[in-house]
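Let me begin by presenting the structure, written as structure tokens, before commenting on it.
Since we're looking at a predicted model, the values are computed, not measured. Positions are given from 1, in the same order as the sequence printed here.
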Amino acid sequence: MSLKSKIKTFFFLEDEYDYNDEEMIEEESQPVKPSKQQPSQKQNVVSLQSVQKSSKVILMEPRVYAEAQDIADHLKSRRAVVVNLQRIEADQAKRIVDFLSGTVYAIGGDIQKIGTNIILCTPDNVEVSGNISELMQERDFQESRW
């Protein structure tokens, strides 16, 4: 009696399985065929073109109203833009903000004031959290106290 048959007898597997050594070797040597996927199953494939490598934040300081279109082009290219309006006249700054707010609305983005005459325009793929103006107000309050 071989060792294999002794083990089968010990575990009472002799009745359930009756393999010859030759049959087992033949089954093991046959290559396993890959199963075909059902067409109804979804594949988790992501196009490499849809994955962005890095994001850019553009800093702009327009001096004339005509530069608002350059800022809007950056937004349409899905880049965040920080706009410093300190070196432009107040009426032109208001026109630029109006133009950019329309652009941001059209692309589903966001526009926020982050400082005195400084705004942040973001497209829909950029999420901004937090509020800088509260921190600036606290700092101004502390400075005026002393």
Would you give me the side-chain donor-acceptor pairs under 3.5 Å for residues 117-124, sequence neighbours excluded?
{"unit_1": "T122", "atom_1": "OG1", "unit_2": "D110", "atom_2": "O", "d": "3.3"}
{"unit_1": "D124", "atom_1": "OD1", "unit_2": "R78", "atom_2": "NH1", "d": "3.1"}

Which pairs would a plain distance check flag for residues 89-105, meaning a side-chain donor or acceptor within less than 3.5 Å of a matching protein atom at least two apart in sequence or in another chain?
{"unit_1": "S101", "atom_1": "OG", "unit_2": "V97", "atom_2": "O", "d": "3.2"}
{"unit_1": "S101", "atom_1": "OG", "unit_2": "D98", "atom_2": "O", "d": "2.8"}
{"unit_1": "T103", "atom_1": "OG1", "unit_2": "F99", "atom_2": "O", "d": "3.1"}

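Among residues two or more places apart in sequence or in another chain, the salt bridge (charged side-chain N to carboxylate O under 4.0 Å, His left out) test is passed with R87 by E61.
Here the straight-line distance linking atom CD1 of I58 with atom NE2 of H74 works out to 5.0 Å at 0.5 Å rounding.
In terms of hydrophobic clustering, with Ile, Leu, Val, Met, Phe, Trp and Tyr side chains grouped at heavy-atom distances under 4.5 Å, L75 and V57 are assigned to different clusters. Put simply, M60 and I114 are part of two different groups of oily side chains (I, L, V, M, F, W, Y) that touch within less than 4.5 Å, one to the next.
In the displayed structure, Q86 atom CD is contacted under 6.0 Å by more than 12 heavy atoms of other residues, nucleotides or ligands.
Residue pairs meeting the salt bridge (charged side-chain N to carboxylate O under 4.0 Å, His left out) criterion with at least one member in residues 100-109, sequence neighbours excluded, do not occur.
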**Item:** Pair V64-E67, side chain to side chain contact (heavy atoms under 4.5 Å, CB included): steps then yes or no
**Value:** CA-CA 6 Å; V64 293; E67 293 180 33; 3.8 Å; yes
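Looking at every heavy atom in both residues, V83 comes nearest to L85 through CG1-CD2, 3.6 Å.
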